[in-house]
Amino acid sequence: MEISLVSGNGITPIPNNQSPLTCSCFPFLPFPFSATAVRPFKNSKFTVFATTTVGLNETRNWQRNVPPKSSKIVSLRNKTRQSAILDIQESSDLDSALLRSGGKLKAQDLNVILRHFGKLNRWKELSQLFAWMQQNEKTNIASYSGYIKFTGKSLDPMKALDIYNSIKDELTRNNVSVCNSVLDCLVKNGKFERCLNMFHQMKQAGLKPDIVTYSTLLVGCAKVKDGYSKATELVRELKYHGLQMDSVIYGTLLSVCASNNQCQEAERYFMEMKSEGYSPNVFHYSSLINAYSVDGNYTKADELIQEMKSGGLVLNKVILTTLLKVYVRGGLFEKSRELINKLDKLGYAEDEMPYCILMDGLVKAGKVTEAKTLFDEMKNKNVKTDGYAYSIMISGFCRGGLLQDAKQLASSYEAKYDRYDIVILNTMLCAYCRAGEMDNVMKMLKKVDESAISPDWNTFHILIRYFCKEKLYILAYHTLDDMHKKGHQPEEELCSSLIHYLGKTGAHAEAFSVYNILKYSKRTMCNALHEKILHILVAGRLLKDAYIIIKDNAGSISQSATKKFAVSFMKSGNINLVNDVIKAIHSSGYKIDQKLFHMAISRYVEDSEKKDLLLQLLKWMPGQGYSVDSSTRNLILKKSHLYGCQIVAELLSKQQVVSITKSRRTRTK
DNA sequence: ATAGGGTTAG
């Protein structure tokens with residue numbers, strides 16, 4: 001990671017807690033104090049406030065810097081505290097050191113140790129110390145904000161939230177630095193939604209956000225989709241609260257624009273910033289150049305480079321690397337090549353990044369051979385690699401259908417490096433899957449299992465595709481189910497083809513399960529899929545599920561599919577649902593024919609216990625314009641002694657009226 | 001006396 005030392009910003013802010021002019025005799029005194037002003041302090045702590053014109057802040061500084069007691073005692077006490085701090089910091093047994101030396105220390109001393117552990121990533125001791133501080137009531141605001149900050153760094157945002165939520169004191173809870181620590185911790189751990197919710201809660205509880213708060217939140221916007229509109233909202237809010245945009249806020253905003261493809265907005269902020277008197281620095285330029293890289297707008301990028309030069313800014317490694325990205329995206333491969341040579345001369349091509357940018361561009365433009373040449377050149381120069389270059393080339397080969405080359409490069413990576421992250425693993429998995437190397441696929445999966453790497457969306461997709469290709473549909477189904485349980489939303493196309501294959505091979509219930517996974521993952525689903533799953537369910541005799549499909553998706557299922565379902569249901573569906581099914585298909589717009597009524601009624605007639613259902617059906621029919629035909633009628637009449645002759649006769653006569661009016665209507669037409 | 005700050009690669 002390159003850290004830029006170039007500061008192009010012409011503005012050097014003066015820290016506002018420090019006066020630029022100090023008394024030369026007593027450097028610890030702020031300027032407006034003279035020797036006479038010190039005197040009243042000696043006798044009375046308070047008159048000094050009344051007898052001088054000094055502001056409160058300066059008085060505080062002054063008070064802090066004047067030793068209240070003889071300097072000998074103070075230095076002795078400092079020594080005692082200093083050695084207690086060191087004792088605890090360096091002890092191998094923290095608990096006993098705290099027991100021994102902790103009592104001599106105040107909250108601010110313990111905070112020193114807290115920060116010491118935090119800087120060294122000693123998380124266990126950090127929380128041990130903090131727990132001790134809480135038990136012994138030696139915490140202040142700085143302890144909380146510091147501890148929460150470090151908890152976020154140790155990648156334990158939930159713990160940070162627990163700590164924050166456990167704070168009882170309202171002043172501490174609403175303190176802006178404590179809140180900023182919590183928010184930063186959530187942003188850094190990729191929990192931006194949660195962070196925004198927290199922010200709103202905090203404001204309602206009484207937090208007064210400052211520029212740091214907004215700056216923290218804006219950083220989160222760069223990492224999420226739709227981050228741009230959230231950023232706009234935040235900017236509006238901070239302006240509304242009378243806070244001032246500063247150079248860094250502009251820098252963050254430019255990066256948000258760049259990562260959200262908002263090139264024009266980036267330009268607008270850049271201009272606005274200039275018009276407010278801030279001179280753009282290397283960060284601002286790199287973000288704007290990065291925004292131009294999306295469209296490969298090299299003309300504008302070159303203009304910016306000229307502007308930087310004439311402004312006296314140094315073109316550092318990041319700027320030139322970003323410029324390379326613009327050239328590559330713009331398809332200027334010759335110019336890109338020259339720029340890499342320039343980077344190399346400047347010593348900026350010691351790691352693989354610039355090569356990766358160009359190789360990636362070449363591969364995506366279908367120039368795999370050129371990319372491979374560059375890859376070999378890079379290796380000959382002994383450029384450091386973390387696997388990025390390999391994954392670009394391996395996936396490039398895969399994309400170009402050069403599966404043997406992909407497989408070979410993958411195994412040569414395995415042989416040389418034994419380091420894996422999720423991207424290189426996915427790439428290799430993809431290569432082995434495409435080449436049909438089952439053994440190697442399994443080997444890679446074992447590596448995932450053994451390591452701390454958790455499979456991501458891509459891993460699952462690669463595997464499911466592969467299992468489908470190998471006709472291992474049940475395995476594909478279990479993988480998809482696993483993917484869903486781990487919170488990843490599978491692609492519709494993949495689900496739909498898996499549903500198809502599962503249906504074809506008789507795994508009807510599994511097909512239905514995939515359908516439900518897709519349905520409940522909030523994606524919009526292609527309408528044809530409802531009918532497809534209906535056919536599968538009918539084929540698998542899962543008629544009750546099929547009934548739900550019909551009921552929920554009335555509009556998108558064809559007449560012929562409905563008919564097929566209805567016939568099956570009448571034949572062998574749950575008899576208690578027959579009437580419900582009839583009503584459902586009727587209200588979906590399907591015209592029920594005599595054959596269907598006949599089937600339904602035959603089933604009722606066979607089972608004398610279903611008398612009520614039959615009567616309900618007969619009662620319902622005339623209202624919808626249906627009547628039974630003569631053969632069905634005879635079927636009922638044969639058993640009418642079971643139902644009560646009177647009722648049956650009445651119902652059938654009502655139906656007759658319907659059928660007469662209907663035939664009249666037909667005749668007049 | 002505590003909080004934050006941006007740019008490049010798969």
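Bear in mind the structure is a predicted one, so any value in this text is a computation, not a measurement. Residue numbering restarts at 1 for every chain, and letters A, B, ... go by the order of the sequence lines.
At least one side-chain nitrogen or oxygen of A:Asn290 sits closer than 4.0 Å to the OP1 or OP2 atom of B:dT8. Residue A:Arg115 places no side-chain N or O under 4.0 Å from the OP1 or OP2 atom of B:dA1. The phosphate of B:dA9 has OP1 or OP2 within less than 4.0 Å of a side-chain N or O from A:Lys325. Dashed line: the shortest gap from a side-chain N or O of A:Lys317 to OP1 or OP2 of B:dA9 is not under 4.0 Å.
Ring-plane geometry between A:Tyr144 and A:Phe130 is classed as perpendicular, the angle between the planes exceeding 60 degrees on a 0 to 90 degree scale with a lower cut at 30. Note on ring orientation: taking the six-membered ring where Trp is involved, the planes of A:Phe150 and A:Trp123 are tilted (angle from 30° to 60°).
The nucleotide whose nearest atom lies closest to any side-chain atom of A:Glu352 is, among B:dG4, B:dT7, B:dA9, B:dA9. Comparing atom distances between the A:Lys188 side chain and each of B:dT2, B:dG4, B:dT8 picks out B:dG4 as nearest. Comparing B:dG10, B:dA9, B:dT2 by their nearest atom to the side chain of A:Ser391 picks out B:dG10. Side-chain atoms of A:Ile392 lie closest to B:dG10 of the nucleotides B:dA9, B:dT2, B:dG10.
Taking a 4.0 Å limit (strictly below) on heavy-atom distances, residues 220-235 of chain A does not reach DNA chain B anywhere. A heavy atom closer than 4.0 Å to some atom of DNA chain B occurs in A:Val248, A:Gly251, A:Thr252, A:Ser255, these being the qualifying members of residues 248-260 of chain A. Within residues 356-377 of chain A, the residues approached by DNA chain B to less than 4.0 Å at the level of any non-hydrogen atom are A:Ile357, A:Asp360, in residue-number order.
Stacking of the aromatic ring of A:Tyr388 onto the base of B:dG10 is not found under the criterion of centres within 5.5 Å and planes under 30°.
Heavy-atom minimum distance, A:Asn290 versus A:Lys325: OD1-NZ, 2.8 Å. Residue A:Thr322 comes nearest to A:Ser286 through the heavy atom pair CG2-O, 3.8 Å, listed as atom of the first residue, atom of the second, then distance. Among all heavy-atom pairs drawn from A:Ala301 and A:Val326, the shortest one is CB-CG1, 3.8 Å.
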Please evaluate residues A:Tyr417 and A:Tyr390 with respect to the criterion ring pair (Phe, Tyr, Trp, His ring centres under 6.0 Å), reporting the C-alpha separation (whole Å), side-chain torsions for both, the decisive distance (0.1 Å), and the verdict. CA-CA 11 Å; A:Tyr417 309 89; A:Tyr390 278 88; 5.6 Å; yes

Stepwise side chain to side chain donor-acceptor pair (under 3.5 Å) test for A:Tyr250 and A:Glu276: CA-CA 11 Å; A:Tyr250 275 117; A:Glu276 283 179 13; 3.0 Å; yes

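Between A:His284 and A:Phe270, a ring centre-to-centre spacing not shorter than 6.0 Å is recorded.
As rounded to whole Å, 11 Å separates atom P of B:dG4 from atom CG of A:Asp210. The interatomic distance linking A:Tyr144 (OH) with B:dA3 (P) rounds to 16 Å, in whole Å. Straight-line distance from the CZ atom of A:Phe283 to the P atom of B:dG5: 12 Å, rounded to whole Å. When the P atom of B:dT7 is taken as reference, atom CG of A:Leu343 falls 19 Å away, rounded to whole Å. A:Leu238 has its CG atom 22 Å from the P atom of B:dA3, to the nearest Å. Spacing between atom CG of A:Asn180 and atom P of B:dG4 amounts to 8 Å, rounded to whole angstrom units. Put simply, NZ on A:Lys106 is 14 Å from C1' on B:dA1, counting in whole angstrom units. Put simply, CZ on A:Arg399 is 11 Å from P on B:dG10, counting in whole angstrom units.
Residue-environment remark: CD (A:Glu272) exceeds the threshold of 12 foreign heavy atoms within 6.0 Å. Within 6.0 Å of OH in A:Tyr298 there are 12 or fewer heavy atoms belonging to other residues, nucleotides or ligands. Other residues, nucleotides and ligands contribute over 12 non-hydrogen atoms within 6.0 Å of the CZ atom of A:Arg122. Counting heavy atoms of neighbouring residues, nucleotides and ligands inside a 6.0 Å radius, atom NZ of A:Lys274 exceeds 12 of them.
A:Thr213 and A:Asp210 share a donor-acceptor pair across their side chains, judged by distance under 3.5 Å alone.
Residue-to-nucleotide contacts include no donor-acceptor pair under 3.5 Å from the side chain of A:Asn426 to the base of B:dG10.
Here A:Thr216 lies in heavy-atom contact (under 4.0 Å) with sugar-phosphate atoms only. Among the atoms of the strands shown, base atoms are found under 4.0 Å from some heavy atom of A:Asp246. Residue-level contact check: A:Ser145 touches the backbone only, with heavy atoms under 4.0 Å from sugar-phosphate atoms and none from bases. At a threshold of 4.0 angstrom between heavy atoms, the contacts of A:Asp421 include nucleobase atoms, whether or not backbone atoms are also involved.
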